[in-house]
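Working notes for the structure below.
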Amino acid sequence: MSITVAELLAEPQLGLSLLAGSDGLQQRITWAHTSDLPRLWEWVTGGEIMMTNGLSIPADAAGQVALAEALVAAGASALAIGEKMHAPELTPEFLEACDRLPLPVLNVPYPLPFISIARSVAESSLLEESRRLRQTARIYDLLRLAGPLDEQWQALVHGVAAQLDAELYVVDRRCLDPWHPGGEALPAGLAGQLEPLIAAAPASGKKFQWHHVDGSHVLMMDVPTHDNALLLVLPRSEPHPDAVVLLHAASVLGLELSRTMLALEDQRRLGAEFLAQALEGRYALADLESRLNNFQLPSEKFVIVSVSGLDEGVFATIHAELWRHGLAHVSLRQFNTLHIVLPPECSEDHLRHSLPHGARIGMSRPTGPAGMQRALQESLWALGTAGSTGQTLVRYGDGPSWLGLTSMEEGQAMVQRLLGPILEYERGRQPDLLKTLKTYLNQQRSWQKTAAALFTHRQTVIYRIRKISELTGLDMAETSSLAQLWFALQIHQTMDLQHHAMDRAGNGG
């Protein structure tokens, strides 16, 4: 076992003396660390005796008390101060605080080198090092003996917790929900106490911190390679788990999460392939129902959600966020819009919590396999309503009217009335007219800018706009005509399942 503060004090060759904190003499020392940097506690990982020549110690009483409290909160076992060096006078308030906490404060006689103390701690730790190696090997062996993927996570967490003699939780630092859907949730009281501690920790700051919560120590440390995955360790006994072993435990949990993420990416790819074919109507109803069940989705009722306003890097992570929050789903990205099939009981709050802030969300009515394509049109209509009204989430049929229209059917009628002649004319031809109309309106009706944007001649643009006027019977010089066409274009682009491919594939109808 590692040496205690009392045993270190008893080493006759060191000549150490106790200045304060006698109630902490049985605390064990895992390592000895020297530092004269400010904020001395930031270099504590748990169990160290911190040795300083005094430059780290404030001169005022309040600063000294704050130092003692921060060292104990970080998990330091003792503080050793070099005699006749640079330490200011230790105030009565500081010594009283060290007695209360307790934090043993040792006087290091001049000119004893700190290395002598470190050597005594290291020599006493040789047996502890052998125990640590065996403990680490057992933790890695838990990963080797892993069972089926869907059952492994909590079994692994419990196994590691048993080795550390501690309670373990892996949570999302942003909301303190379990990071893995199979993980245990933090007790509500503990979560409330940890929230301010996590909020106060800078994202780029220290990744290994001990805190005092209700008289007990709690360790917060990042799980390697997984953003926002936070490991919380609540020791059940003394001494606390060794810092090196804890780092290995976090690595083992990170490896298991990486294995899960690889399997999840395969599932995402298969789900996208399935959904693309389903929306094209390539499955018979019985086959469609079977495949939905294979993805743990209810085949009798589901909803389709269309999401826009996502950053490029977010598309690759949303499937993991939905999985982590326990939402069975399949998703398909079509250019800058993500379509997701979800269970009908998925709540708006749950969905907002799982998707990035700022995303626009349109949700269809619950439907069955036969209504999948219509449900996609409904979700796109609702998404268009969300975009035009500034709302975060709109359910089809529940939101406000869009462009004065209350339903998809009204939108289809408007598109057919205004754009139908153009779509019919372009069938089998190069789709220049709709593309030109859209660009012309986006360029504030400038012939020159439209020609430059389309890499064509100005006279060609004039010809196409006149052709649109001829086909629709609208006077393109009239603002009311342009407004109607702009409305129709907005609806057409939202409701056409392939509207994103219009510029490339040439099929605008």
- request: Only pairs at least two apart or in different chains count here, so list each ring pair (Phe, Tyr, Trp, His ring centres under 6.0 Å) that has a residue in residues 277-299.
  value: Phe274-Tyr283, Phe274-Phe295
- prompt: How close do Gln26 and Thr4 get, heavy atom to heavy atom, and via which atoms?
  reply: O-CG2, 3.8 Å
Quick one: side chains of residues 83-97, donor-acceptor pairs under 3.5 Å with protein atoms, not counting sequence neighbours, listed by atom name and distance.
{"residue": "Glu83", "atom": "OE1", "partner": "Tyr110", "partner atom": "N", "Å": "3.2"}
{"residue": "Thr91", "atom": "OG1", "partner": "Gln64", "partner atom": "OE1", "Å": "3.0"}
{"residue": "Thr91", "atom": "OG1", "partner": "Phe94", "partner atom": "N", "Å": "3.1"}

- prompt: Given side chains that start at C-beta, do those of Leu16 and Val108 come closer than 4.5 Å, heavy atoms only?
  reply: yes
query: Would you say Asp99's side chain and Gly21's backbone share a donor-acceptor pair under 3.5 angstrom?
result: yes
- request: With the side chain counted from C-beta on, respond yes when Leu176 and Glu195 share a heavy-atom pair under 4.5 Å apart, and no when they do not.
  value: yes
task: Check whether any side-chain heavy atom of Glu348 lies under 4.5 Å from a side-chain heavy atom of Leu351, and answer yes or no.
output: no
- prompt: Do any N or O atoms from the side chain of Gln193 and from the backbone of Ala191 form a donor-acceptor pair under 3.5 angstrom?
  reply: no
Rounded distance (nearest 0.5 Å) linking atom OG of Ser56 with atom CD of Glu42: 11.0 Å
Inter-residue atom distance Leu275.CG - Glu273.CD, 0.5 Å rounding: 11.5 Å
- request: Flag the pair Glu11 / Ile3 as yes when at least one side-chain heavy-atom distance between them is below 4.5 Å, and no otherwise.
  value: yes
query: Out of curiosity, Arg360 CZ to Thr337 OG1, how far, rounded to the nearest 0.5 Å?
result: 13.5 Å
- prompt: Tell me, do Leu14 and Leu112 make a side-chain contact under 4.5 Å, heavy atoms counted?
  reply: yes
- request: Starting at CG of Leu18, measure out to CG of Leu25 and round the result to the nearest 0.5 Å.
  value: 5.5 Å
field: Between Ser120 and Glu123: side-chain donor-acceptor atoms closer than 3.5 Å
entry: no
field: Step-by-step side chain to side chain contact (heavy atoms under 4.5 Å, CB included) determination, Thr367 to Val303
entry: CA-CA 6 Å; Thr367 188; Val303 295; over 6 Å; no
message: If I compare all heavy atoms of Met50 with all of Ala76, which pair ends up nearest, and what's the gap?
response: CG-CB, 4.4 Å
Validation: residues 317-330 side-chain donor-acceptor distances under 3.5 Å, sequence neighbours left out:
{"residue": "Thr317", "atom": "OG1", "partner": "Val314", "partner atom": "O", "Å": "2.9"}
{"residue": "His319", "atom": "ND1", "partner": "Ala316", "partner atom": "O", "Å": "3.2"}
{"residue": "His319", "atom": "NE2", "partner": "Glu265", "partner atom": "OE1", "Å": "3.4"}
{"residue": "Glu321", "atom": "OE1", "partner": "Arg324", "partner atom": "NH1", "Å": "2.9"}
{"residue": "Glu321", "atom": "OE2", "partner": "Arg174", "partner atom": "NH2", "Å": "3.3"}
{"residue": "Glu321", "atom": "OE2", "partner": "Arg324", "partner atom": "NH1", "Å": "3.0"}
{"residue": "Arg324", "atom": "NE", "partner": "Trp179", "partner atom": "O", "Å": "2.8"}
{"residue": "Arg324", "atom": "NH2", "partner": "Asp172", "partner atom": "OD2", "Å": "2.8"}
{"residue": "His325", "atom": "ND1", "partner": "Glu321", "partner atom": "O", "Å": "2.8"}
{"residue": "His325", "atom": "NE2", "partner": "His353", "partner atom": "NE2", "Å": "3.4"}
{"residue": "His329", "atom": "ND1", "partner": "Leu327", "partner atom": "O", "Å": "2.9"}

Leu164: which of Leu246, Leu234, Leu219 passes side-chain contact (heavy atoms from CB on, under 4.5 Å): Leu246
task: Verify, without hydrogens or angle tests, whether Gln373 (side chain) and Leu279 (backbone) share a donor-acceptor contact under 3.5 angstrom.
output: yes
query: Do Thr260 and Trp153 come within less than 4.5 Å of each other through their side chains, counting heavy atoms only?
result: no
task: Check Asp23 against Pro102 and note the closest heavy-atom contact, atom names and distance.
output: C-CG, 3.8 Å
- request: Carefully, step by step, assess Glu184 and His158 under the rule side chain to side chain donor-acceptor pair (under 3.5 Å).
  value: CA-CA 10 Å; Glu184 290 184 8; His158 285 160; 3.0 Å; yes
query: Backbone N or O of Asn53 within a donor-acceptor pair of the Asp36 side chain at under 3.5 Å?
result: yes
- request: Find out whether Leu338 and Ile340 are in side-chain contact, i.e. whether some heavy atom of one side chain is under 4.5 Å from a heavy atom of the other.
  value: yes
message: Could you check whether Ser379 and Ser306, counting side-chain N and O atoms only, form a donor-acceptor pair closer than 3.5 Å?
response: yes
query: Okay, side chain of Asp165, backbone of Ala161: is any donor-acceptor separation there less than 3.5 Å?
result: no
message: To check you understand the geometry: which heavy-atom pair defines the closest contact between Leu292 and Ser299, and what is its length?
response: CD1-CA, 4.0 Å
message: Using a strict threshold of under 4.0 Å (side-chain N to carboxylate O), is an ion pair present between Arg138 and Asp141?
response: no
Heavy-atom closest pair, residues Met221 and Ala250: CE-CB, 3.8 Å
- prompt: Do Phe302 and Leu297 come close enough that some side-chain heavy atom pair is under 4.5 Å?
  reply: no
